[in-house]
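Contents: one structure, followed by commentary.
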Amino acid sequence: MRFSPSLSSSHYFTRFSSLSLPSYTSTSPSMASGSNSLMWFRKGLRIHDNPALEYAAKGSNYLYPVFVIDPHYMEPDPTAFSPGSAHAGLNRIRFLLESLVDLDYSLQKLGSSLLVLKGEPSEVLIRFLKEWDIRKLCFEYDTDPYYQALDIKVKNYASVAGIEIFSPVSHTLFDPADIIQKNGGRPPLSYQSFLKLAGQPSWASSPLSTMISWLPPVGNVGNCEISKVPTIKELGYEDIQLNSVRRICVQDELTLFKGGESQALKKLRESIKNKDWVANFEKPKGDPSAFVTTATTTLSPYLKFGCLSSRYFYQCIQDVQKNVKRHTLPPVSLLGQLLWRDFFYTVAFGTPNFDQMKGNRMCKQIPWNNDDELLAAWRDARTGFPWIDAIMVQLRKWGWMHHLARHCVACFLTRGDLFVHWEKGRDVFERLLIDSDWAINNGNWLWLSCSSFFYQYNRIYSPISFGKKYDPSGNYIRHFLPVLKDMPKEYIYEPWSAPLSVQTQAKCIIGKDYPKPVVSHDTASKECKRKLAEAYELNKKLNGLVSDEDLRKLRRKFEEDQSEESKSKRQKQKLID
DNA sequence: ACTAAGTTGCAAGT
DNA sequence: ACTTGCAACTTAGT
């Protein structure tokens with residue numbers, strides 16, 4: 001990789017926000033040059049455009065590059081519904097390990113290496129800050145609540161111990177705290193207002209970061225349990241789990257998401273090679289059913305872990321746009337996608353309880369149902385709607401699917417058909433997506449469930465016709481649901497409507513080889529619209545202050561309505577009989 | 001009270 | 001490929 005060396009990166013040192021914690025800034029007393037530094041990697045698993053690493057290296061005799069294996073994130077959980085830990089599916093854990101191996105390799109080329117530690121990160125960090133007599137602690141600033149809580153502990157210790165802290169904002173294009181401050185202390189709630197506030201990034205036309213050519217050596221680690229990057233097996237995941245994932249994945253499909261900065265940069269270069277494609281990118285026009293070559297860059301997992309700098313990506317796109325006559329604009333353009341990411345980061349950072357319905361001031365209070373069977377059918381790709389199930393299989397196998405495909409299944413689970421709580425779907429995505437990102441994932445579930453941002457609950461993605469528009473012959477379904485591979489295209493989106501002779505011919509009997517639909521889309525979607533109308537009305541009446549009791553009451557009413565309806569249906573049926 | 005705008009719905013018409 | 005009717009939401013701004 002080649003990056004233009006920057007003469008000064010002083011802007012990193014001044015981009016502190018008054019809204020952030022006091023310890024966000026340096027707390028160092030006078031300190032001698034030539035001391036020990038610790039670079040704590042969490043996200044930002046890269047060498048390029050990594051201001052924390054750059055600063056850690058500067059003027060240090062010894063540099064300890066550390067990654068902490070956090071049991072909260074990495075410990076195997078055999079009770080989870082898919083292989084992996086309590087919070088992460090195996091696909092993402094593997095991606096992370098691959099990224100760490102790549103990072104270690106890059107560090108080694110620079111005369112350093114990655115030290116992998118294990119345990120509760122703040123405890124481990126504090127222990128080694130003492131043990132190695134660290135005078136300078138550097139890590140990328142993180143807005144996720146989990147890291148906010150963790151960082152407070154570490155920062156508190158460090159400031160008491162007189163250790164200098166450098167924690168720059170480099171995961172996003174903008175500092176979410178800056179944007180919130182500009183907006184008078186509240187995050188902007190629409191993309192357009194976000195764009196206006198954000199404007200051009202300060203670094204948009206200046207060289208980003210040094211091409212690091214050398215790092216200080218790793219100091220004496222003493223007799224601490226330092227390990228190399230563990231393998232999946234060493235983390236305690238069984239071969240069977242590994243194999244079961246490998247077996248259902250064609251090799252090419254897996255390597256689509258091999259972790260690491262090297263992969264990220266390689267992919268980035270491939271993506272921007274086609275200048276017309278970059279310039280004319282329109283997200284909603286992409287084909288969600290494309291799986292041989294995907295409709296998007298598929299760089300999201302690399303952005304999630306910071307294997308790719310969003311700012312470097314931004315500059316690369318900008319370069320392409322400068323050299324073409326016309327190009328698309330946000331929200332649909334490729335740059336627009338990066339800005340969406342920042343938008344959600346900003347709203348999430350400025351909204352307490354962003355990841356839940358209760359206590360979330362921007363979330364409509366809706367009496368979603370608690371139907372675990374419907375949830376499981378959706379999660380396990382047996383809703384009986386091939387378009388929905390195929391997407392869920394792609395999620396399980398690849399850990400990635402097209403944005404519009406995500407829309408379809410999220411809408412289906414919540415406001416479209418099943419009326420299951422968006423938090424349940426969020427959890428499934430959070431676990432299975434390689435690119436699952438706390439702010440973006442929650443933001444999109446709020447969006448798709450019409451709980452926030454977007455409120456036109458009449459616009460429901462059809463589980464039958466939406467996919468058909470892109471893929472009339474159902475190749476995507478045939479690929480991910482091989483049981484339907486011989487179903488004629490007339491019936492592939494609604495196999496329950498195929499005559500039994502056709503089902504027999506296709507070797508797929510509905511109700512036996514592939515499930516019957518869990519709901520009728522027509523009735524279910526109408527019911528969902530009605531329920532949302534009532535829930536909206538309640539939110540309006542109570543000015544958003546809907547209590548648990550209010551929700552219980554409305555939920556009971558929905559249940560009564562439903563049993564009332566089925567009763568009258570039965571009576572009508574009797575009359576006909 | 002009213003208007004305008006809001007990332008990407010569907011079905012039917014041209 | 002583009003328009004339209006559908007039934008109609010919210011928030012922000014005047």
Side-chain angles (χ1 to χ4, degrees), chain A residues 183-184 186-198 280-290 295-296 300 327-347 351 360-366 385 387-388 391 401-417 439-441 443-472 493-494 520-544 546:
Chain A
N183 198 40
R186 287 218 164 188
L189 294 181
S190 83
Y191 183 71
Q192 294 302 330
S193 60
F194 169 82
L195 288 186
K196 274 192 201 119
L197 287 163
N280 298 317
F281 185 90
E282 278 185 73
K283 187 62 168 282
K285 292 202 176 152
D287 179 354
S289 70
T296 53
S300 54
H327 60 79
T328 52
L329 293 168
V332 296
S333 65
L334 205 48
L335 268 194
Q337 305 316 300
L338 278 177
L339 289 157
W340 275 110
R341 177 173 177 270
D342 263 55
F343 168 68
F344 284 123
Y345 264 91
T346 305
V347 184
T351 308
N360 181 348
R361 67 178 176 224
M362 63 181 296
C363 181
K364 287 254 183 282
Q365 303 298 304
I366 295 165
F385 290 91
W387 172 246
I388 299 297
I391 294 168
M401 65 283 209
H402 187 277
H403 187 61
L404 288 178
R406 300 181 193 200
H407 279 206
C408 287
V409 294
C411 178
F412 184 86
L413 179 71
T414 56
R415 69 180 168 88
D417 292 84
I440 302 170
N441 191 30
N444 277 305
W445 277 96
L446 283 164
W447 190 299
L448 265 301
S449 64
C450 277
S451 297
S452 200
F453 302 108
F454 176 80
Y455 308 97
Q456 286 182 271
Y457 54 76
N458 286 300
R459 297 188 185 171
I460 291 175
Y461 290 93
S462 163
I464 296 148
S465 47
F466 188 83
K468 233 186 241 178
K469 279 190 298 204
Y470 299 91
D471 181 18
Y493 285 88
E494 303 163 88
S520 143
H521 173 62
D522 277 351
T523 30
S525 60
K526 271 186 198 125
E527 215 163 90
C528 283
K529 288 180 201 174
R530 222 188 49 229
K531 286 177 181 169
L532 271 182
E534 281 198 59
Y536 269 33
E537 205 183 328
L538 184 69
N539 277 265
K540 205 184 207 170
K541 197 175 88 187
L542 301 176
N543 204 13
V546 182

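- Residue A:Gln192 places its side chain closer to B:dT7 than to any other of B:dG9, C:dC9, B:dT7.
- Relative orientation of the A:Phe412 and A:Phe385 rings is perpendicular, given thresholds of 30° and 60° on the angle between their planes.
- The separation between A:Arg415 atom CZ and C:dA8 atom P is 15 Å, rounded to whole Å.
- Of the candidate nucleotides B:dT7, B:dC10, C:dT10, B:dC10 has the atom nearest to the side chain of A:Tyr461.
- Residue A:Gln456 places its side chain closer to C:dA8 than to any other of C:dA8, B:dC10, B:dT7.
- C:dA8 and B:dA5 are spaced 14 Å apart, taking the C1' atom of each and rounding to whole Å.
- Taking a cutoff of 4.0 Å between a charged side-chain nitrogen and a carboxylate oxygen, A:Glu534 and A:Lys541 do not qualify as a salt bridge.
- Relative to the side chain of A:Arg459, the nucleotides C:dT10, B:dG9, B:dT7 differ in distance, and B:dG9 lies closest.
- Around atom CZ of A:Arg361, more than 12 heavy atoms belonging to other residues, nucleotides or ligands sit under 6.0 Å away.
- Under the Watson-Crick and G-U wobble criteria, each requiring two contacts below 3.5 Å, nucleotide C:dA8 is left unpaired.
- Applying the Watson-Crick and G-U wobble criteria (two distances, each under 3.5 Å), B:dT7 pairs with nothing in any strand.
- Of all nucleotides listed (C:dA8, C:dC9, B:dG9), C:dA8 comes nearest to the side chain of A:Asn458.
- Only one option out of A:Phe343, A:Trp445, A:Tyr191, A:Phe194 pairs with A:Phe453 in a ring pair (Phe, Tyr, Trp, His ring centres under 6.0 Å); it is A:Phe343.
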